[in-house]
Protein chains: 2
Amino acid sequence: MSVSASNVNWNTAGEAMCPYRLVLEHLTSRWGVLVLIELREGSKRFSELRRAIGRVSEKMLTQTLQILERDGFVHRDAKPIIPPRVDYSLTELGREAAEQVAGLAKWTEHRIQNVIHAREQYDKARAEKASS
Amino acid sequence: MSVSASNVNWNTAGEAMCPYRLVLEHLTSRWGVLVLIELREGSKRFSELRRAIGRVSEKMLTQTLQILERDGFVHRDAKPIIPPRVDYSLTELGREAAEQVAGLAKWTEHRIQNVIHAREQYDKARAEKASS
DNA sequence: CGGTATCCAAAAGGATACTG
DNA sequence: CAGTATCCTTTTGGATACCG
């Protein structure tokens, strides 16, 4: 199996992208990444996810969860009680995806100092050029 | 090392996010993912990348490459010739990052049928509900 | 509580023209 | 060729109000 950016497959109308890229974008979306990582710890309620992630609007969290549920990564368990209680958890497929995403997140956290240092070098080099 | 979405660290003005999330977003950005995957195969010129990725504007490719270069993931080699020739390649840091990203991409490609099937189930279930 | 609907601001992204 | 600059459209995302 080759992983290549050129594995495209635009539809006839040219308005969307191949499923592969689309799913990849769901998994790597701003809030999708964080939801998957958070749910690795176990089942969480809507409000728990909201607090855990922080700075995510209800709208975006709802939207993200619906997309991930439709793709089969997240299971939604809505209890028919008042007040409502809805628990979200990873499916087996979602757990696999979350492992990959968490791997990337973990690596990033681990290497963050290297990135910060690289930026300083980059900015310094450009500042010197500008004053010449 | 804990990987958690709650590892936030907003600045005092509340206008940006912690470096960790920011770098993660660079790596998981729409075009960033594809550039990293494409450069795993080796050094490529600007126009080669553009063709390989497809449907990316010059502006976005330029922007993406600059961000990845500043973060220390991509090396830019501009030959001082006419016409200009600029080659992009992964740094060692970038190679590590690209491995993680490629792992996710590979998994997605591998499981794409599961996702498509999950969507059909989801859409069917909702269609039935709507007609009740 | 866990959403949905609507509106609006901000950011991403594309098209085009131009340059060294 | 590999950009930069500008303009414009589309998408994203937040705030608010409301509902079961």
Side-chain angles (χ1 to χ4, degrees), chain A residues 8 10 13-17 21-22 25-35 38-39 43-70 74-89 126 129-130, chain B residues 5 8 10 13-17 21-22 25-35 38-39 43-70 74-89 126 129-130 132:
Chain A
V8 287
W10 303 93
E15 56 199 5
M17 59 178 59
R21 277 202 198 178
L22 201 52
E25 291 199 2
H26 293 169
L27 291 175
T28 61
S29 72
R30 180 173 200 176
W31 306 117
V33 168
L34 301 176
V35 164
E38 211 56 44
L39 287 182
S43 175
K44 296 216 174 161
R45 299 182 63 176
F46 186 85
S47 50
E48 286 179 319
L49 275 174
R50 196 148 142 63
R51 264 194 311 279
I53 292 174
R55 298 251 177 158
V56 59
S57 65
E58 289 184 1
K59 177 183 161 182
M60 292 315 299
L61 185 54
T62 300
Q63 199 174 106
T64 301
L65 285 167
Q66 284 173 350
I67 289 173
L68 293 179
E69 187 194 357
R70 188 168 108 97
V74 163
H75 173 68
R76 180 175 185 273
D77 181 20
K79 269 99 172 171
I81 58 175
I82 302 291
R85 178 191 173 107
V86 183
D87 290 276
Y88 292 93
S89 56
R126 300 202 103 220
K129 255 194 172 177
Chain B
V8 287
W10 302 94
E15 54 199 8
M17 58 178 58
R21 278 203 199 177
L22 200 54
E25 291 200 3
H26 293 170
L27 292 174
T28 60
S29 71
R30 182 173 198 175
W31 306 117
V33 168
L34 301 175
V35 165
E38 211 56 44
L39 286 182
S43 176
K44 297 217 172 157
R45 300 182 62 177
F46 186 85
S47 51
E48 285 178 320
L49 275 173
R50 195 147 144 64
R51 263 194 312 278
I53 291 173
R55 296 248 178 163
V56 59
S57 64
E58 289 184 1
K59 177 182 161 183
M60 291 316 299
L61 186 54
T62 299
Q63 198 175 104
T64 301
L65 285 167
Q66 285 174 350
I67 290 173
L68 294 179
E69 187 194 358
R70 187 167 109 98
V74 163
H75 174 68
R76 181 174 183 275
D77 181 20
K79 269 99 173 171
I81 57 173
I82 300 289
R85 177 190 174 107
V86 184
D87 290 276
Y88 292 93
S89 56
R126 301 202 103 220
K129 254 194 172 177
S132 66

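Residue numbering restarts at 1 for every chain, and letters A, B, ... go by the order of the sequence lines. Model, not experiment: these values are computed from the prediction.
Of the residues L65(B), D87(B), V86(B), the one that meets the side-chain contact (heavy atoms from CB on, under 4.5 Å) test with R76(B) is V86(B).
Between the C1' atom of dG3(C) and the CZ atom of R50(A) lies a distance of 11 Å, rounded to the nearest Å. Regarding Q63(A), its CD atom lies at a distance of 13 Å from the P atom of dG3(C), rounded to whole Å. Between the P atom of dT4(C) and the CG atom of L65(A) lies a distance of 10 Å, rounded to the nearest Å. In this entry the distance linking CD of E58(A) with P of dT6(C) reads 17 Å, nearest Å. Whole-Å rounding puts the M60(A) CE to dG2(C) P distance at 19 Å. Atom-to-atom, CD1 of I67(A) to C1' of dG3(C) comes out at 16 Å; the value is rounded to the nearest Å. Taking atom CH2 on W31(A) and atom C1' on dA11(C), their separation rounds to 14 Å, with Å as the unit.
The structure places CD1 of I67(B) at 5.0 Å from NE2 of H26(B), a figure rounded to the nearest 0.5 Å. Rounded to the nearest 0.5 Å, atoms CZ (R50(B)) and NZ (K44(B)) are 15.0 Å apart.
Residue E48(A) is out of contact with every strand shown, counting any heavy-atom pair closer than 4.0 Å.
Between T62(A) and the phosphate of dG2(C), there is no side-chain N or O to OP1/OP2 separation shorter than 4.0 Å. Considering only side-chain N and O atoms, R30(B) lies nowhere under 4.0 angstrom from the phosphate OP1 or OP2 of dA12(C).
For P84(A) and K59(A), each mapped to the nucleotide of DNA chain D holding its nearest heavy atom, the one lying further toward the 5' end belongs to K59(A). Residue Y88(B) is the one, among V56(A) and Y88(B), whose nearest nucleotide of DNA chain D lies closer to the 5' end (criterion: closest heavy atom).
Between chain A and DNA chain D, the heavy-atom contact criterion of under 4.0 Å yields a 5' to 3' nucleotide range of dG13(D) to dG20(D).
If you check residues 76-83 of chain A against DNA chain D, you find no residue with a heavy atom closer than 4.0 Å.
Each end of the helix from dC1(C)-dG20(D) to dG20(C)-dC1(D) gets its own rotation axis from five pairs of C1' atoms, and the angle between them is 50° to the nearest 10 degrees.
T64(A) and V35(A) make their closest contact through CG2-CG2, 4.2 Å (heavy atoms, listed as atom of the first residue, atom of the second, distance).
L34(A) is not listed as a side-chain neighbour of L49(A), based on a closest heavy-atom distance of 4.5 Å or more.
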